[in-house]
*Asks:* 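To start, I am sharing the structure in question, which I have written as C-alpha cells.
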Amino acid sequence: MSRYRSVIIGLSGIGANRPPEPEGLPIYGAVARSHTSAYHRCPDTELVAVCDLDDERRNDCLERWKDVWPDLKGYTDYREMFDVEKPDIVSVATSDHLHADMVVEAAERKIPMIVCEKPIATTLDDADRMIAAAEANGVLLSVEHSRRWHPSFLQARELIRGGELGEARTVTTEMFSQRAMLFRNGTHAIDMMIFLAQGDPAWVTAQLEDGFEHFTEYKSDGGHDPTTDPYVSAYVRFANDVRGFVNFMKVDLPGSQWTVTCDGGRIEVSDRELKVVTGGSYREWSETPYPVDQYVHQHFGGFVPEIIHVHENGGGLVSPATEARKTLELMLGMLKSHELGNSRVDFPLS
Ligand SMILES: NC(=O)c1ccc[n+]([C@@H]2O[C@H](COP(=O)([O-])OP(=O)(O)OC[C@H]3O[C@@H](n4cnc5c(N)ncnc54)[C@H](O)[C@@H]3O)[C@@H](O)[C@H]2O)c1
C-alpha cells in the first residue's frame, strides 16, 4: 500500500519520461531518468497528479503511465493541484527561473517533501526565498543534483574522508561534448566539485567561452540551445584551502570526470569508473579500479527514497538546498569574474 501522495509540475522529458523496460522487469529493469520513473521505482509513493500548461505534454504523460497509475490526474494550475490533491511530495521540474515561486508555494502549504530540479534557481534572491520558506515551514527541500546519489561519487567522498590517501589538495572537474554548457550541464559538474572539495568557495577567477562577453546574467532558456550557454575555464579557491580547477570545453569528445589529488594519491571518478592512482616515482604510477557498492535506490532513483527516509527518521539530505545555493553562487561568481575582465571575485557575492 503506497503511503505518500506525490505530484509533479513540469512534464518535459526530465519530468515524465518512461525508460525502456526489459520484458518481465517492468519496474526495476532500467535506470530511472525522470521524476515519474523515480516515483515508479519507489514503492512508498503513489503518483496521484501531474501538472503542465502544455496540453500535449500533460496528455502524453497521462497516456504513457496509465497502466501504472490509472487514476493519475492532470492539472494546468499547480496551486489548484496542491489544494485538491494535498500531496506529501512535490517535484518541481519546470525551467530554472520558474522553480522559486512553485517551491515557495509548496513550502507555504506545508507540503513536507519538496524535490526541485537543478539549478536551484537563476538568482540568489530566489534561492534565498526558497530556503527561507522551507525552513520557516519545517519542510524538506532537496535539489536534484543526481550524482550525489551515485554510488561511485559517494564512494569517492568516503575515500577522501577515510584519509588513507592523505589530505585532499585539488579537485578538477572536466566536462566535454558540444553541450558542455556552464548552466545546463555544468551545474552538475560544479556541484560535484563542491561535494568532493567538502568546503565553501572563497573566491573564483573565470573566463567564459569567446563571444560571451555580454553574458552577465543567466536568464534560463531551458538550456536547449548550446549557443546560448557558454563553457567556462575557472580557478576556485575553497575556504578549506582546497584548490578547484574547472575545465569545460565544447568538443566532440563526450563525457565528464573529476580528479581529487591528495597528498598520497589521486582519486579519479566519472560516470564510467572510480579508480585510485598512486605512484612511487615519476615513471611509475599504478591505477587500481575501485569496487563500488551498489544500492537498490541510487543515482536518479535515489532522491525519492532518501527524502522519505529523512522525513521519517530525521538527519540530513545529501543534496540540500543550502548546498545547491553554493553551486549557483559559484556559477554567478564566474559570470561576474568574466565581466570584470577575469578578475578575482570573493564570496559571498555582494
Ligand atoms: N537532472 C538532470 O539531469 C536534468 C536534465 C534535464 C533538465 N533538468 C532540469 O529540469 C528542468 C526542466 O528542464 P526542461 O529543459 O525540461 O524545461 P522545459 O522548459 O523544456 O520544460 C518545462 C515544462 O514545464 C512546463 N511549465 C512551465 N510553467 C509551468 C507552470 N506554471 N505550470 C505547469 N507547468 C509549467 C512547461 O510547459 C514545460 O512542459 C530545468 O530546471 C532543467 O535544468 C535536469
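Values below: all heavy atoms of this structure, side chains included; hydrogens, waters and symmetry mates excluded. Order of appearance sets the numbers: ligands from 1, and atoms from 1 within every ligand. Along the sequence shown, residues carry numbers from 1.
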*Asks:* Output yes when the distance from some N or O of ligand 1 to some N or O of Asp96 is under 3.5 Å, and no in every other case.
*Replies:*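 Checking ligand 1 against Asp96, an N or O pair does fall under 3.5 Å apart.
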
*Asks:* Examine the proximity of ligand 1 to His188 and report which part, side chain or backbone, both or neither, has a heavy atom under 4.0 Å away.
*Replies:*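 The answer is the side chain.
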
*Asks:* Compare Lys118, His97, Arg147 and give the one whose heavy atom is closest to atom 43 (O) of ligand 1.
*Replies:*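 Looking at heavy atoms only, the winner is Lys118.
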
*Asks:* Which atoms of ligand 1 are found less than 4.0 Å from any heavy atom of Ser12?
*Replies:*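 Numbered from 1, ligand 1 contributes 14 (P), 16 (O), 21 (O).
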
*Asks:* Verify whether one side chain among Ser319 and Ser142 offers a donor that lies under 3.5 Å from an acceptor in the other.
*Replies:*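 No, because no side-chain N or O of Ser319 sits under 3.5 Å from a partner of the opposite role on Ser142.
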
*Asks:* If we count only N and O atoms by modelled type, under 3.5 Å, do the side chains of Glu108 and Asn137 hold a donor and an acceptor together?
*Replies:*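 Note: Glu108 and Asn137 side chains miss the donor-acceptor criterion.
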
*Asks:* Please check if the distance between the ring centroids of Tyr235 and Trp203 is under 6.0 Å.
*Replies:*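 Ring centroids of Tyr235 and Trp203 are less than 6.0 Å from each other.
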
*Asks:* Please tell me whether Ser91 and Tyr39 have a donor and an acceptor in their side chains that are separated by less than 3.5 angstrom.
*Replies:*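 Tyr39 and Ser91 do have a side-chain donor-acceptor pair below 3.5 Å.
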
*Asks:* Which atoms of ligand 1 sit under 4.0 Å from any heavy atom of Arg57?
*Replies:*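 Result: 20 (O), 21 (O), 23 (C), 38 (C), 39 (O).
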
*Asks:* Centres of the His311 and Tyr4 rings: under 6.0 Å?
*Replies:*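 Yes, the ring centres sit under 6.0 Å apart.
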
*Asks:* Tell me which part of Thr187 gets within contact of ligand 1: side chain, backbone, both or neither, using heavy atoms under 4.0 Å.
*Replies:*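 Neither part.
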
*Asks:* Verify whether one side chain among Ser34 and Asn17 offers a donor that lies under 3.5 Å from an acceptor in the other.
*Replies:*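 No, Asn17 and Ser34 have no side-chain donor paired with an acceptor closer than 3.5 Å.
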
*Asks:* For ligand 1, which atoms have a heavy atom of Leu98 less than 4.0 angstrom away?
*Replies:*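 Result: 27 (C), 28 (N).
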
*Asks:* Which is closest to atom 4 (C) of ligand 1 in terms of heavy atoms, Ile8, Ile9, Ile14, Asn17?
*Replies:*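 Closest candidate by heavy-atom distance is Ile14.
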
*Asks:* Can you tell me how far OG1 of Thr123 sits from NE2 of His97, rounded to the nearest 0.5 angstrom?
*Replies:*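 If I round to the nearest 0.5 Å, the distance is 11.0 Å.
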
*Asks:* Check for me whether His99 has a heavy atom closer than 4.0 Å to any atom of ligand 1.
*Replies:*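 The answer is yes, since His99 has a heavy atom less than 4.0 Å from ligand 1.
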
*Asks:* Taking 4.0 Å as the limit for heavy-atom contacts, which would you say applies to Thr94 with ligand 1: side chain only, backbone only, both, or neither?
*Replies:*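 Answer for Thr94: both.
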
